[in-house]
Amino acid sequence: MAGELPVMAALLLVAVAGTAVVLARDPVRQSAVLAGLGLSLAVLFAVLQAPDVALSELAVGTAFTPLMVLLSVRKVRHNARRSERREEHE
Amino acid sequence: MNGWLAAACALLLAGFLPALLGVCTGPLRRRVLAQNLATVLAALVMLLLAQGYQRPSYTDMALVLAVLGPVGTLVYERLLSDELRAARPRPRVTRAMTVLGVAPVPLVVIPVCAAATWGRTTLKLLFIGGLLVAGSTLCTRALTSPPGGEG
Amino acid sequence: MSVLPYLVAGWLFLVGCYGLTTSRNLIHAVGSLAVCQSATYVLLLSIGYRRGGTAPVHSDIAPGSRPLVDPVVQALTLTDVVVGATVTALLLALVVQVSKRHGTVDPDELRELRG
Amino acid sequence: MSLRVRMWVLAVGGLGVALLLAGAFTHMPDFGGTWHPYGTRAVAEALRQHSANAVASVNFDQRAFDTMGEQAVFFGSVLGTVVVLRQAGDEHRTAPEPAFVSAPVRRYALLVLPVTVLTGLYVIAHGHLSPGGGFQGGVVAATALHLLYIAIDYRALQRVRSLTLFTLADAAGEAGYLLAGLAALVAGAAFLENVLPLGTFNTLSSAGTVPVLNAAVGVEVAAGVVVLLAQFLDQAIVIEPADGRGHRADGAARAAPEGGRP
C-alpha cells in the first residue's frame, strides 16, 4: 500500500489540475493551467513506469500547446476588435 | 518504498501541489511565475524518481523538461508582455520567487549525484542542474523586470 | 484503492464534458476536450501498470531481472499524445477561421448569427 | 437549446456515463495486477528482435502498421491546418515588427537553442534503446527552432525557416515510412516486416528496421510541427485582413445575396 503512495499523489494532482483547466474560463489563463495539467500528467506517467509517454507529454505540453493556444487567442482577439470596429463603422 | 521515493512524494505534495494551485488561481503573472516554479520542481521530482526506481534512463525526462520548461515560460513573456508587466511586483516577491526556483535544485541534484555511480550519469545530472538554475533564474528575472527594461 | 485510478480517469472525462457543454468560448472548449483526451491516457496506462514493475526499457537493466509493466498500452498512448496535440491544432485552426468569419467565438452568439 | 435544457441533457447523460463507467470499472482487472498477457508476449518478442526499448519495438515493429495509421492522422492534421489557415484572397501580408527582447533572454535562448536541438536528436536517435523516439524528439527539435522567435523576433525565424524545405521534409518522412514498408515487400517479406539484420542488443545499430522507421517518424514530426506552428505564427503576426476598400467590397458581396433573396 505504501509503495503506491507516489501513484496516489500523482493521481490527486492530475484530478486537481484537470478540474482547474475546465474551471478556468479565460483561454489565456486556461493555457497556463493546461501546461500545469501536462506537468502533472508527466509525473503520473513517470510513476506509472511509462517514461516514453511522459517524454511525449512533456514535449507537447510544456511549450507547443501553450504557444498554439496563445497565438490563436491573439488572432481571435484581433478579429473580434476588427469586427467591433466594423459594426461601429456601419 | 525507499527514501528517494519518499522524498519525491514529499516534494510532490509540499512543493509541486502548492505551485500547481498557484497556477490554477490568481492573476496571470502569478500563474506564469508559479508555472515556472512547477516546471523546476517537476524536473527535480523526475530526478528523485530516477534514483528511487534505480533507473538512470529516467533522467531523460528531467533533461527534456529542463530544456523545454523555460521555453514554455518565455512564450508567455513574449506574447503577453504588456499584460504581464502591467503591474510591477514588489522586490520581495521577486527575490522570494528567485530563491524558491533555485534553492531546491542543489538540494536535490547533489545528493542524487553522490548516490549515482560516478561517470556519464553524474555529468548529465550536473548539466541538468545547471540548466534548471539558469532557466529558472532567467525566467523569474524576465517576468519581474520593469517595463521597458531592455538592455 | 484498486479502482481509484480508473475513477480518476472517469472523473477527468466527465469534467471535460461539463466544460465542453458550458463553454462560452471555443478556445476554452478545445482546452476542455484536451482534458477528455487525457482521461484516455490515464485509463490506458492504469490498465497496463503492474505493482513493483518497471519500464519495459532494457537500456539500463538486464532483461528478465525485474517485473515489467505492459508496453502495448504505453505504445498506444505515446503516439496518441503527439497526434492528439496536432488534432487540437486543427481544431484551433477552425476556431481562428470561425472568428475571422463571424468576429466571435462564443457558441451562443454564433448560433444567433446563423438564425 | 437553451442553457437550462443543455444542463439537463448533460446531467442525465453524465449520470448515465458515470454509472456505466462505475459498472465497468468494478469488473476490470485490478489496478497493478500481474496479469498482462499482451505485455508479456510483446516484451518477449522485443527481446527476440534485439530491441532494448520494448515500447519502440511495439510501435515500429510489432504494430508498425498501426503506427502508420497514427502517422497518417498526424500528416492529415498538419495538411488540414495548412489548408484552413492559408492566406485568403482578400488578405495581405505585413512585414513583422521587430521586437525588443532583453539581452539576458536573448543570450540564454541563443545558448540553449543548439542544446535543445541536440536533445531532440538524442531522443530520436536513442528511441529504440532508452525512453524516447521519433514522436517525442521530433517535437523537442521543432520547438527548439521557435526559440528564435521567442528570443529575437519573427523575422529571424523566417530567415532560418524555409517553409518549402520543411513541407518537403514532412512529406519525405511520411513517404520514407511507406517506402521502408515496401522495401520489406521487395525483400520477399510482409509489408513493414523487420527484415534488416538485428545487430547487437542495446547498441545504436540494433533492432533492424526500428531505428529506420523511428527516424522517418522523427523527420516527419519535426517538420510537421514547424509547418503547423508556421501557420499559427503567420496568422497571428503577418497576415492582415484587407482594410478599407477590400473591407467594403467584402461587406457588399455579403449584402448582395441577402438583398436579392426576397
Side-chain angles (χ1 to χ4, degrees), chain A residues 1 3-4 7-8 10-12 14-15 17-31 33-34 37-38 40-41 44-61 64-65 68-69 71-87, chain C residues 1 4-5 7-8 11-12 15-16 18-20 22-28 30-32 34-35 38-39 41-42 44-46 48-57 68-69 71 73-75 77-82 84-86 88-89 92-93 95-96 98-105:
Chain A
M1 184 73 199
E4 304 306 307
V7 180
M8 298 297 126
L11 279 172
L12 169 77
V14 168
T19 314
V21 169
V22 168
L23 296 181
R25 294 283 162 180
D26 172 42
V28 171
R29 289 174 187 199
Q30 193 201 29
S31 74
V33 188
L34 207 56
L37 173 67
S40 318
L41 280 173
L44 175 68
F45 298 161
V47 295
L48 286 177
Q49 310 297 326
D52 289 89
V53 189
L55 270 178
S56 211
E57 183 64 48
L58 287 177
V60 163
F64 176 55
T65 312
M68 235 160 39
V69 173
L71 288 170
S72 308
V73 168
R74 191 170 169 158
K75 183 71 181 177
V76 164
R77 281 185 184 170
H78 189 76
N79 285 334
R81 270 203 303 275
R82 244 177 54 82
S83 154
E84 271 170 31
R85 269 210 308 274
R86 185 160 57 188
E87 274 165 22
Chain C
M1 157 62 207
L4 184 70
L7 291 181
V8 169
W11 167 253
L12 283 178
V15 89
Y18 167 77
L20 274 171
T22 57
S23 180
R24 301 296 311 274
N25 184 325
L26 286 177
I27 298 184
H28 173 268
V30 174
S32 302
V35 177
S38 61
Y41 311 151
V42 174
L44 277 174
L45 289 180
S46 308
Y49 183 67
R50 176 173 182 175
R51 209 163 282 128
T54 190
V57 176
L68 299 174
V69 299
V73 287
Q74 293 194 12
T77 317
L78 111 80
T79 50
D80 191 60
V81 170
V82 175
T86 53
T88 304
L92 284 174
V95 173
V96 166
V98 164
S99 88
K100 205 183 274 180
R101 280 285 140 77
H102 303 292
T104 176
V105 287

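A, B, ... follow the sequence lines: proteins, then strands. Residue 1 opens every chain.
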Q: Could you tell me which portion of C/Ile27 (side chain, backbone, both or neither) has an atom closer than 4.5 angstrom to a non-hydrogen atom of chain A?
A: both

Q | Student check: side-chain heavy atoms of C/Val42 and A/Leu11 closer than 4.5 Å | A | yes

Q | Smallest separation among heavy atoms of C/Ser38 and A/Leu41, with atom names | A | CB-CD1, 3.5 Å

Q: Could you tell me which non-hydrogen atom of A/Arg25 sits nearest to which non-hydrogen atom of C/Gly19, and how far apart they are?
A: NH1-O, 4.4 Å

Q: Decide yes or no for C/Val69 and A/Leu48: does some side-chain heavy atom of the first lie under 4.5 Å from some side-chain heavy atom of the second?
A: no

Q. Which pair of non-hydrogen atoms, one from C/Ala55 and one from A/Pro51, has the smallest distance, and what is that distance?
A. CB-CD, 3.5 Å

Q) Counting only heavy atoms not in C/Arg24, do more than 12 sit closer than 6.0 Å to its CZ atom? A) no

Q) Where does C/Thr79 contact chain A at under 4.5 Å (heavy atoms): side chain, backbone, both or neither? A) neither

**Q.** Region of C/Val96 in contact with chain A, defined by heavy-atom distances below 4.5 Å
**A.** both

Q. So how far is it from C/Ser99 OG to A/Arg77 CZ, rounded to the nearest 0.5 Å?
A. 12.5 Å

(Q) Between A/Thr19 and C/Trp11, is the side-chain contact (heavy atoms from CB on, under 4.5 Å) condition met? List the steps. (A) CA-CA 9 Å; A/Thr19 314; C/Trp11 167 253; 3.1 Å; yes

Q.
I'd like to check the side-chain contact (heavy atoms from CB on, under 4.5 Å) partners of A/Ser31; sequence neighbours left out, ordered by chain and number.
A. A/Val69, A/Leu70, B/Tyr76

Q) Do the non-hydrogen side-chain atoms of C/Val57 and A/Asp52 ever get within less than 4.5 Å of each other? A) yes

Q.
Counting only non-hydrogen atoms closer than 4.5 Å, does A/Val47 touch chain C with its backbone (N, CA, C, O), its side chain (CB onward), both, or neither?
A. backbone

**Q.** Which atoms of C/Val15 approach chain A - backbone, side chain, both or neither, heavy atom under 4.5 Å
**A.** both

Q | Per-residue contact mode, A/Ala24 against chain C (heavy atom under 4.5 angstrom) | A | backbone

Q: Against chain A, label C/Ser32 side chain, backbone, both or neither, depending on which of its atoms sit under 4.5 Å from a heavy atom there.
A: both

**Q.** Portion of C/Ala34 that has a non-hydrogen atom of chain A nearer than 4.5 angstrom
**A.** side chain

Q: Measure the spacing between CG of A/Asn79 and CZ of C/Arg101 and express it to the nearest 0.5 Å.
A: 11.0 Å

Q.
Which heavy atom of A/Ser56 sits nearest to which heavy atom of C/Val82, and what is that distance?
A. OG-CG2, 3.3 Å

Q) Can you list the residues that meet the salt bridge (charged side-chain N to carboxylate O under 4.0 Å, His left out) rule with A/Arg29, with sequence neighbours excluded? A) A/Asp26

Q. Which region of A/Val7, side chain (C-beta onward) or backbone (N, CA, C, O), has a non-hydrogen atom less than 4.5 Å from a non-hydrogen atom of chain C, or is it both or neither?
A. side chain

Q | Partner chain C: residue of A/Ala15, A/Ala50, A/Ala17 with the largest heavy-atom pair count (under 4.5 Å) | A | A/Ala50

Q. Short question: side chain of C/Gln74, backbone of A/Gln49 - any donor-acceptor pair under 3.5 Å?
A. yes

Q: Count the heavy-atom pairs under 4.5 Å between each of C/Val73, C/Thr54, C/Val105 and chain A, then report the option with the highest count.
A: C/Thr54

Q: Give, for atom CG of A/Leu34 and atom OG1 of C/Thr88, the distance between the pair rounded to the nearest 0.5 Å.
A: 8.5 Å

(Q) Using a 6.0 Å cut-off, check whether atom OH of C/Tyr18 has over 12 heavy atoms from anything other than its own residue. (A) no

**Q.** Closest non-hydrogen atom pair between C/Arg51 and A/Glu4, with its separation
**A.** CG-OE2, 3.0 Å

**Q.** Nearest heavy atoms of A/Ser72 and C/Leu92, plus distance in Å
**A.** OG-CB, 3.7 Å

